[in-house]
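Just so it is clear: chains get the letters A, B, ... in the order the sequence lines come, proteins before strands, and each one is counted from 1.
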Number of protein chains: 2
Amino acid sequence: MTDAAFEAAVAAARQGLSQGGIPIGAALARNGEIIAVGHNGRVQHADPIAHGEMAALRAAGRQQTYRDTVLYTTLAPCAMCTGAILLFKIPRVVVGEARTFPGELDVLRSRGVTVDVLDDERCVGLMERFQQDHPSLWAEDIAE
Amino acid sequence: MTDAAFEAAVAAARQGLSQGGIPIGAALARNGEIIAVGHNGRVQHADPIAHGEMAALRAAGRQQTYRDTVLYTTLAPCAMCTGAILLFKIPRVVVGEARTFPGELDVLRSRGVTVDVLDDERCVGLMERFQQDHPSLWAEDIAE
């Protein structure tokens, strides 16, 4: 479970929080090497599409293929990030937790993506506190 | 059919092409007013998530709601852009054409989004020429 790419995603989530942002981070890896890391940037950049996963995919730049990559994220991917995973044909997603937000894990699995949920207590704690402290910001991020 | 927001999307697609980019544009409107316009920026910004629809959503910045918006796009939305439309609960999407790329219109409709396809010849022409002239770039954009 002590995967360096997952730890990078957790560190990115914490970095986002320290900037006043929403604490969700992600990392893209290939053959165990981290290609890119990102975190939610809604607050920092007034960018509604900058979810953690999207920020990591943007930071990775142009890739010829994603079929040999794994996406790590601290929180279950929403519909947008799920769609990006499907578009780019990323075969495996490692999810920190799906307790504080269910995401679209069933959609991912139904389209053949391997989804591993770690149920990481650090990720749960980050989101539980954030959702308690900033309910309207969290609602805005998932358009509720 | 001569909707100003759709015309803005077409103009954005042409602007992207003039920059050496992929000619897909989009616009977000509320009550007939254009909120934001965007075009594909994969080439210009080495940004794989900058599809036309995503660029328009990013340009619109933070919105409290999208339930009163319409998204206009020159091409049928891919899985990523479809996911963004679902996340943000955009109720209606106006699509220039779905002939050169089918997108995920069935997914949108199955989740309650109203989809109008204009089958606009200008949009078809832009994409047909681009796909002929730059097949590998087009394949890269949709990860094929």
Side-chain angles (χ1 to χ4, degrees), chain A residues 21-22 26 28 35-36 38 40-69 76-91 101 103-104 107-108 110-113 136-137 139-144, chain B residues 21-22 26 28 35-36 38 40-69 76-91 101 103-104 107-108 110-113 136-137 139-144:
Chain A
I22 302 172
L28 187 69
I35 300 172
N40 190 298
R42 169 176 293 272
V43 173
Q44 298 92 319
H45 308 296
D47 185 348
I49 70 167
H51 280 195
E53 302 92 318
M54 306 298 282
L57 289 167
R58 186 190 298 169
R62 292 170 61 177
Q63 300 283 328
Q64 282 304 312
T65 184
Y66 296 82
R67 289 177 193 269
D68 53 358
T69 64
C78 76
M80 172 175 66
C81 298
T82 291
I85 291 160
L86 297 177
L87 169 68
F88 293 128
K89 302 180 178 69
I90 297 171
F101 178 69
E104 300 271 356
V107 173
L108 286 171
S110 76
R111 301 269 290 244
V113 178
S136 64
L137 186 50
E140 183 189 311
D141 200 52
I142 53 173
E144 282 194 347
Chain B
I22 303 171
L28 187 68
I35 300 171
N40 191 298
R42 169 175 293 271
V43 173
Q44 298 93 319
H45 309 296
D47 185 349
I49 70 166
H51 280 195
E53 301 92 318
M54 305 299 281
L57 289 167
R58 186 189 296 169
R62 292 169 61 176
Q63 301 282 329
Q64 282 305 313
T65 184
Y66 297 82
R67 289 177 193 270
D68 53 358
T69 65
C78 76
M80 172 174 67
C81 298
T82 291
I85 292 160
L86 298 177
L87 169 68
F88 293 128
K89 303 180 178 68
I90 297 171
F101 178 68
E104 299 271 356
V107 173
L108 286 172
S110 75
R111 300 271 290 245
V113 179
S136 64
L137 186 51
E140 183 189 311
D141 201 51
I142 52 172
E144 279 192 350

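There is no contact between Ile90(A) and chain B, counting heavy-atom distances below 4.5 Å. Looking at Phe88(A), the atoms closer than 4.5 Å to chain B (heavy atoms on both sides) sit in the backbone and in the side chain alike.
Heavy atoms only, all atoms of each residue included: Pro48(B) and Leu57(A) are closest at CG-O, 3.4 Å.
The candidate from Glu104(A), Glu144(A), Arg42(A) with the greatest count of non-hydrogen atom pairs under 4.5 Å with chain B is Arg42(A). Each of Lys89(A), His51(A), Gln63(A) has some count of heavy-atom pairs under 4.5 Å with chain B, and the biggest count is that of Lys89(A). In terms of non-hydrogen atom pairs under 4.5 Å with chain A, the most contact-rich of Ala50(B), Ala143(B), Ser136(B), Ala139(B) is Ala143(B).
The environment of CZ in Arg62(A) is crowded: more than 12 heavy-atom neighbours from other residues, nucleotides or ligands sit within 6.0 Å.
Listed by chain and number, the residues in a side chain to side chain contact (heavy atoms under 4.5 Å, CB included) with Ala36(B) are Ala59(B), Ala60(B) (sequence neighbours excluded). Partners of Ala26(A) under the side chain to side chain contact (heavy atoms under 4.5 Å, CB included) rule, at least two apart in sequence or in another chain, are Glu53(A), Ala56(A), Thr73(A).
Between Met80(B) atom CE and Met54(A) atom CE the span is 5.0 Å, to the nearest 0.5 Å.
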